[in-house]
Each structure stands twice: as C-alpha cells, then as structure tokens.
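What follows is one structure encoded as structure tokens, with my remarks underneath.
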Amino acid sequence: MTEPGLPQPMPVATLPPHLEGLNAEQLAAVTAPDGPLLVLAGAGTGKTRVLTTRLAHMLLEGRARPGEVLAVTFTNKAAREMNERVEQLLRRPVQGMWLGTFHSIGARILRRHAERVGLESGFTILDTDDQLRLLKQLIEAADLDVKKWPPRILGGIIQRWKDRGWAPDHVPTAEYGEFALGRSVALYKAYQARLRTLNACDFGDLLLHNLTLFKEHADVLEEYQRRFKAVLVDEYQDTNVAQYLWLRLLAQVRKNVTCVGDDDQSIYSWRGAEVGNILRFEQDFPGAAVVRLERNYRSTGHILGCASRLITHNESRHGKTLWTDDVAGEPVRVAGLWDDEEEARFVGEELEALQRAGEPLRGAAVLVRAGFQTRSFEERFIAIGLPYRVVGGPRFYERAEIRDAIAYLRVIAQPDDDLALERIVNVPRRGLGDSTLAHLRAYARARDCSLHAAVRELVETDELKPKPRRALSDLVATFERWRGLMETAPARELCETVLEESGYVAMWQADKSPDAPGRLDNLKELVHAVGEFESLSGFLEHVSLVMENVTDPTSDMATIMTLHGAKGLEFDTVFLGGWEEGVFPNQRALDEGGRAALEEERRLAYVGITRSRRRCFVLFAANRRLYQGWVSSLPSRFVDELPAEHCEFLHRDGFAANRLRSPGLPPRRDGDPLARFNAARSRKGPIVEAVAEIVPDADGGFDIGMRIFHDKFGYGRIEAVDGDKLDIAFDKAGRKKVIASFVQAVP
DNA sequence: GGATTGTGTATTTTT
DNA sequence: TACACAATCC
C-alpha cells in the first residue's frame, strides 16, 4: 500500500484502467486503505476526480457494495456528476448507492422512520416561501408587529439554530437574542409544533430530525452505522455543525470516512459552515491519514500566482502551496473603470474580441459578489446582442405560476397541506376572499385540524354564506376526483388535467399582461417535467429537493453568476467584477463578521481567481449605481494584495482623460472620486491616469464636458459620447442617454 | 370581495 | 428603481 506523502510509483503495466493518469498524491488518496482519510485539495487539483475514483476503487476491490456506500455532496449537480463519473469508471450503471446531497439523503432516511420523530412518511418538505408565510402567521398570532419583527429575520435565526443542531429545547439561553423581545425561542417552538401538525418539514429539519432520530433510537442509528461501510464527503469545509454531527454519528463505528475539502475555499460560514470541522479532522479521527493535493491542473502560472499570493493574507488556514507545470500564460489584467456601466462595456468588448478570435462564449464567465451587480452586465449584453445566461437568477420552481401549479399537486397528494391549499384556494378567483379564509382558519384552529378537514365539515353546515359554501364544496369535490385520477392516470396526464380543469391555464390565457405567454410556456414545461417522473409524489420530492435550473450546455453563451455559484466550476476566461471596498469585500459581511468575515471574503476572491484557466480580469469601478443614487468607492484591498509580477494594470486611452475632466458626473459625496481613487492607489501609481487635455472630437461635434440644452430635460453636461448617443448629466433630470440630434450646444 | 393607489423598504451569498 | 404589502375606495 502506498504511504501518503511517500508515494511509490507503481509500474505502469500493473495499473488498472481506473487508476491511470493519477499523480502520486492522487493515487495515494485513491488507494489509501479503509480508515479516516482527509484529502486537502487545493483548487483545480483534481479533488472530485480523487473522490470519485476512490469510491469506484472501493467498489472494484469489493470493500463495499453500492448499497453500503454513503457519499454526500452539497449540490445536486455535484451528486449527479459524481454518480456519472463512478459509472464511467466502472463502465456500468451503479444502483443502490446512498449518493446525494445532505438534504436528499436526510430526507430519504427520514421518510423511512418518520413516525419515530412524530411525522408521517408522506411529510411535505416546505420551501422558503411556505416557511415565511407560516412564520408570519405565527408572529401575528403572538400579537407581534410583523413590520418590526420580519418573518425573514426569524427564519434566518431559526435556520442558524438548526444548522447548529439545536432543537427548540436546546437553544442556549444566551442565544435568545433580541428578536421579538426574547420570544424568538417560543416562536421557534410554536413553529416546530405547527410543522408537526402540518406533517411538514423545512430544510433544516431534514437533518435535525435525523439527529433526533439517531439520538433517541439507537437501533436505527446502529442499522445505518452497520450499513455504511464507506462514507465519503465532498466539500467538507462547508459542513455545518448539524451535518458534522450527522456524519460523525454515522461514521464513528467503522471510522471509514473520506473527507475532501479545501479550507481556502470555505465560503459558507454565513450559512453555518464551520471551517473548524476541516481543521479539526485529525482530532476527531485520531490516526487519520492526510493527503495534500497541491498540483494544480487548471490554471496558468500567472493566475495561480495571483491566487496563491492573495490567500496568504489569511491567517487561519491549513496552508498549502499550489504549483503548476503550466506556462505562465497571460498576466491577470486589472482594470479600473469609471462606473459600473463602463465596467460592463469593458467586459462586453472583451467578450466580443474573444468571439472574433473564435473562442466560444461558454468558456467565459462574469463572476460577481452579489446579485445586484448582474444588472449592468445584463443591460450591456442585451444592448450589444451578446448571448448570456444568468445562473442563480429566478429559479424555475420559484416562479409564481409554477408554485401555484405545484400547490395544486400538493393538495392532491397531501390534502392536509394547508399552505398549499391556502395558496390556490382562490387562484383563479372563486370568490373565496379573506373573510371566508379567516373563518376557515378559525374553525381549523378551534378543532385543531387541517384546513381541508375544516372545509369538509363547514360545507355541510350553513355557517357559510351560500356563495362561498358552494365554491368550496365544488372545490373539494373536484380535488376528490383528481385524487381518484392519481391512482389511474400517469402523473403527466393528471397534471395537465388539473391545470385545465382548475381554470388555472384559462386564467393566464385571459391575462393580457406581457409576461402571461411566458408563464403559459413555463406551465407547459412543468407538465413536461412531471412526465419525467413515475409518480406524483416522486415529482414533488424532486421539486422540494432540487431547486435548480437546468441550463442547456449546448448553447453558446457567456455566464454571469455570483462567486458562490461558481465554486466547483472552471472557465477559460473569467471576469471578476466589482472589486471595490464595500462591494467586495462586502461591507455588510464585514460589519457582521469582522476579521473572520474579511478572511472569508478573501477566500471568495481566491475562489474567483482560481475559476479561470487561461485568462482572468479583475475589475473595479469608481462609481456604482445603487438603488437610488450613486456610490463612489475605493478599489478593493484585494486589488492591492495581488502580486504586481503576475498582473498587468490597465487603463484605456481616452476614457480616463475624458472622464477625469468632465465635471458634474455622478453626484460627488466627498470630493472627486477619481482623485481619491488614484490617491488610494498611489503606492503602485495611478491605474487611471489623469490627463490634462480634453481631446476634441475630430468632427467638431459634441465633446465631453460641453454644456447642452434638451427640450425635455433642460440643461446638462455631456459625460460621454458613444457614436450619436450622448450620455448627459442633466442639472435637474439626472443622468440620461439621448440621441445627439435632440440636444443643442449652449455657448 | 376585488381593484387600485400609495407607501415603504430593500440588495449578500443558498441546499 | 422596483417590488411587495397595506390602506382605501368601488
């Protein structure tokens, strides 16, 4: 057996096909004997490959059968990929592995033993939206002002508690906090009780109930401890306490656990992830083997140089030194732009240049810190007709029409799903408004039964007015009929029928708003998606656990996404936008988390740079449009932390000079942003050089800085010229783009 | 009960 | 700016 750290090169001839092409460290990790193993794998070092190959290797050696393997990932995509690669390595389909996300496996286990924690096996998995509506009801029921104590905040608090593995009774008094004057735990308790009567779970519960299950039912725990001969964990640095406890319970008997991760890529502490888990692995599993993967196969030398240097500014890390044999390649290009519009224009031009050079757009990505930054890029790309996709934007299953349709299906599958029923009871309109609903709720609460049960009873009485009573009894009867259909008709057919007969499709057909056709398309797509599943419940499980968009990989588009979304991906060319203090590192994160948060932001920057294979751009803008008004900012401290020898600092001729001299640009809060901007950079010299002269237009037309008059907007000053379009800061009307022929020069 | 207008507030990051 | 929610009116 190969010793970690002292790998013996195997004679090539004896190497089985699935181990071919691995380097010594990778091979050591893959072939390490049973027992605790930590693989510290830097970005681009073949982490996923090692994990999947080790799994395949174990199966091939007969150390575990598929049904005895537990392999957990964070994303559905990673799980899918892992499954595919294992099958590729084994050259056959593999069935029965417990391979999936923490949540999906948690759900799978919970469904088998639901009654042990006070649920029924058919429990519903609530999404965030349902959760918030429920919390809102509870906050109101507690006579608290929803404005003052927003459900969102409470949801966040509860989620963090669950991430730490705390059921309501286990929340330490010190953690009660200020929310609702310290009543947050009472609300948490009420929330859990309500979930139980609804036979529902939220995301956090999937693991929390597992923990309760394992702690209170030793026989169940033992069953799984015996079953799982091998436990493998991807992205271990992102595990939270609940996940960590869960894993430890499952692995503590056999101790055959492989964790793969990179402490430098831990970027989810805000979601409860504990870098400590990975830093502590060797204490948790004494005698653990540790393998470091430091050879990077992804990026060129300059890119790796930048990333490596940047991350050395962090103090709490295992410490790895990535290296590569690759060429130095192109230096990382760092560009300072005037504003976010200019930033987007810059990226647009670079992308067009790539296109002209014959490179596919799908190899390029714009990575940003926060969602709002995608806007200017989208606007620009639309303007120049550049195909792009935004990953992580509004998701398919979160669209209102899809959620409505799914609510119908949920009520069919689970009549007591009150949240689903409430959602669609009056969609389309059936004359069942607030007052009827209030009546129903009161009745259900008094009887401690579900809304559905309340409806069934109430329609038999004359407590309701004839109209709503009629509507309700019709609705109940219709659902009853659909439920009968569930037994006989295929899921797809049922879905179609429901959408038709409920009048839901008709509702959108009658809608004349511009987005109605799109919504109808989405509904068709939903019907199609349902068709992929055997049963309705199978589909619903998928919907609650797999909330992701599937993107068509064949179309050639540039990608825009957040840095978080980009983890685990790679692109030939990467644009990192918005490297400004406040944006990145994010001010709010800094305020909340202090130095630890700064380090996390820096890891995020590291993740960003290491996504790129060959080309990387770092961009920052002096001014940024933020909901109302402009904010000017300084270049991110991360820019200063990039090593000059691996970077090229750019400015483009013309733009800097023009902008600097043009007065009255976005409102200045304190002095000239560009001056501050450069002053802050004085150590390395200005990125955006000040040039004294304004270069007049050759044709004697409109110049930057010129005063003009516009019939509608009044007086203003030209900020930029783009062909016949002028970018003008009007004295009264703000900044606008107008066609040159509509303005006249003022002497 | 439903539609319309007005007001307030929000922008991290997501399984 | 843009959306969600509430108050108000029909």
Side-chain angles (χ1 to χ4, degrees), chain A residues 72-79 100-107 125-129 131-133 136 145-148 150-153 155-156 159-160 162-163 201-207 234-235 238-240 242-243 266-273 367-376 379 391-395 397-398 400 426-438 465 467-468 471 544-549 561-567 578 582-593 597 600-601 603-604 607-608 624-631 734-735:
Chain A
V72 276
T73 63
F74 275 84
T75 65
N76 294 292
K77 208 171 106 212
T101 60
F102 278 98
H103 298 277
S104 69
I105 290 176
I125 300 166
L126 259 41
D127 63 24
T128 321
D129 212 71
Q131 218 184 109
L132 294 183
R133 283 192 295 149
K136 188 174 170 221
D145 184 359
V146 195
K147 284 253 166 83
K148 205 163 169 206
R152 259 190 60 243
I153 306 290
Q159 193 187 79
R160 278 193 294 282
K162 288 183 174 176
D163 284 345
C201 263
D202 66 15
F203 257 84
D205 283 337
L206 293 176
L207 278 167
D234 195 12
E235 309 276 18
D238 286 333
T239 48
N240 61 36
Q243 289 159 337
S266 163
I267 54 175
Y268 282 106
S269 76
W270 54 273
R271 218 171 69 184
L367 307 182
V368 295
R369 176 63 179 85
F372 73 88
Q373 290 171 260
T374 62
R375 204 180 100 181
S376 40
E379 281 173 358
V391 176
R395 302 176 193 205
Y397 291 122
E398 279 171 5
N426 202 30
V427 181
R429 303 245 124 85
R430 298 188 176 90
L432 299 165
D434 287 344
S435 57
T436 311
L437 216 57
K465 289 185 187 139
K467 257 196 186 162
S544 18
L545 291 173
V546 186
M547 294 285 285
E548 63 184 15
N549 288 328
M561 60 163 78
T562 64
L563 289 160
H564 285 88
K567 197 179 67 166
V583 175
F584 189 38
N586 180 278
Q587 190 56 49
R588 214 155 132 170
L590 257 36
D591 291 345
E592 281 164 23
E600 176 143 325
E601 296 287 303
R603 290 194 290 270
L604 211 40
V607 167
R624 192 166 284 279
R625 224 197 155 100
L626 211 65
Y627 38 106
Q628 67 267 44
W630 292 82
V631 178
R735 197 162 178 204

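All of these numbers come straight from a predicted model, not from anything done at the bench. Each chain gets a letter, A, B and so on, in the order the sequences are listed, and its residues count up from 1.
Here dT15(B) presents its P atom at 15 Å from CG of Asp202(A), a figure rounded to the nearest Å. The distance between atom CG of Leu604(A) and atom P of dT14(B), rounded to the nearest whole Å, is 10 Å. When rounded to the nearest whole Å, the span between CD1 of Ile125(A) and P of dT14(B) equals 20 Å. When rounded to the nearest whole Å, the span between CD of Glu601(A) and C1' of dT13(B) equals 9 Å. Residue Arg133(A) contributes atom CZ, which lies 14 Å from atom P of dA4(C) at whole-angstrom precision. Spacing between atom CD1 of Ile267(A) and atom P of dT14(B) amounts to 9 Å, rounded to whole angstrom units. Between the CG atom of Leu132(A) and the P atom of dT14(B) there is a distance of 16 Å, rounded to whole Å. As rounded to whole Å, 21 Å separates atom P of dC5(C) from atom NZ of Lys148(A).
A close approach under 4.0 Å does occur between a side-chain nitrogen or oxygen of Thr562(A) and OP1 or OP2 of dT14(B).
Residue contacts shown for Phe102(A) are absent, as no nucleic acid heavy atom lies under 4.0 Å away. Contacts of Arg152(A) with the nucleic acid, taken as non-hydrogen atoms under 4.0 Å apart, involve only primed sugar atoms and P, OP1 or OP2. Within the 4.0 angstrom heavy-atom criterion, only backbone atoms of the sugar-phosphate kind lie near Phe74(A); the bases stay farther away. No engagement by Gln587(A) is indicated, since no non-hydrogen atom pair under 4.0 Å with the nucleic acid exists.
Put simply, Trp270(A) rests on the base of dT13(B): the two rings are less than 5.5 Å apart at their centres and nearly parallel, under 30°.
Between Leu545(A) and Arg369(A), the residue anchored nearer the 5' end of DNA chain B, judged by the nucleotide with its closest heavy atom, is Arg369(A).
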For nucleotides 8-10 of chain C, give me every protein contact, N/O to N/O, under 3.5 Å, one pair per line with atom names.
none

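Residues that satisfy the side chain to side chain contact (heavy atoms under 4.5 Å, CB included) test with Pro150(A), not counting sequence neighbours, are Ile153(A), Phe179(A). Listed by chain and number, the residues in a side chain to side chain contact (heavy atoms under 4.5 Å, CB included) with Ser104(A) are Thr101(A), Leu545(A) (sequence neighbours excluded). Every residue meeting the side chain to side chain contact (heavy atoms under 4.5 Å, CB included) condition with Leu367(A), not counting sequence neighbours, appears here in chain and number order: Ala365(A), Met561(A), Leu563(A), Ala566(A), Val574(A), Leu576(A), Arg611(A). For Tyr397(A), the side chain to side chain contact (heavy atoms under 4.5 Å, CB included) partners are Ile402(A), Ile406(A), Leu526(A), Ala529(A), Phe539(A), His542(A), Val543(A), Met547(A), not counting sequence neighbours.
Here the side chain of Asn426(A) pairs a donor or acceptor atom with the backbone of Gly431(A) at under 3.5 angstrom.
Around CG of Asp434(A), the count of heavy atoms belonging to other residues, nucleotides or ligands within 6.0 Å does not exceed 12.
Annotation for His564(A) and Ile267(A): closest pair NE2-O, 3.0 Å, computed over non-hydrogen atoms. Residues Ser266(A) and Arg603(A) come closest through the heavy atom pair O-NE, 2.6 Å.
Looking only at side-chain heavy atoms (C-beta outward), Glu398(A) and Asp129(A) stay at 4.5 Å or farther from each other.
Checked against dT15(B), dA6(C), dT14(B), the side chain of Phe203(A) finds its nearest nucleotide in dT15(B). Nearest nucleotide to the side chain of Phe372(A), out of dT11(B), dT15(B), dT13(B): dT11(B).
The separation of dA4(C) from dT13(B), taken at their C1' atoms, amounts to 22 Å, rounded to a whole angstrom.
Under a 4.0 Å N-O distance rule, the pair Lys162(A)/Asp205(A) qualifies as a salt bridge.
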Could you write nucleotides 1-6 of chain B as a row of B, S and -, 5' to 3', where a protein heavy atom under 4.0 Å of any base atom gives B, of only sugar-phosphate atoms gives S, and otherwise -?
SSS---

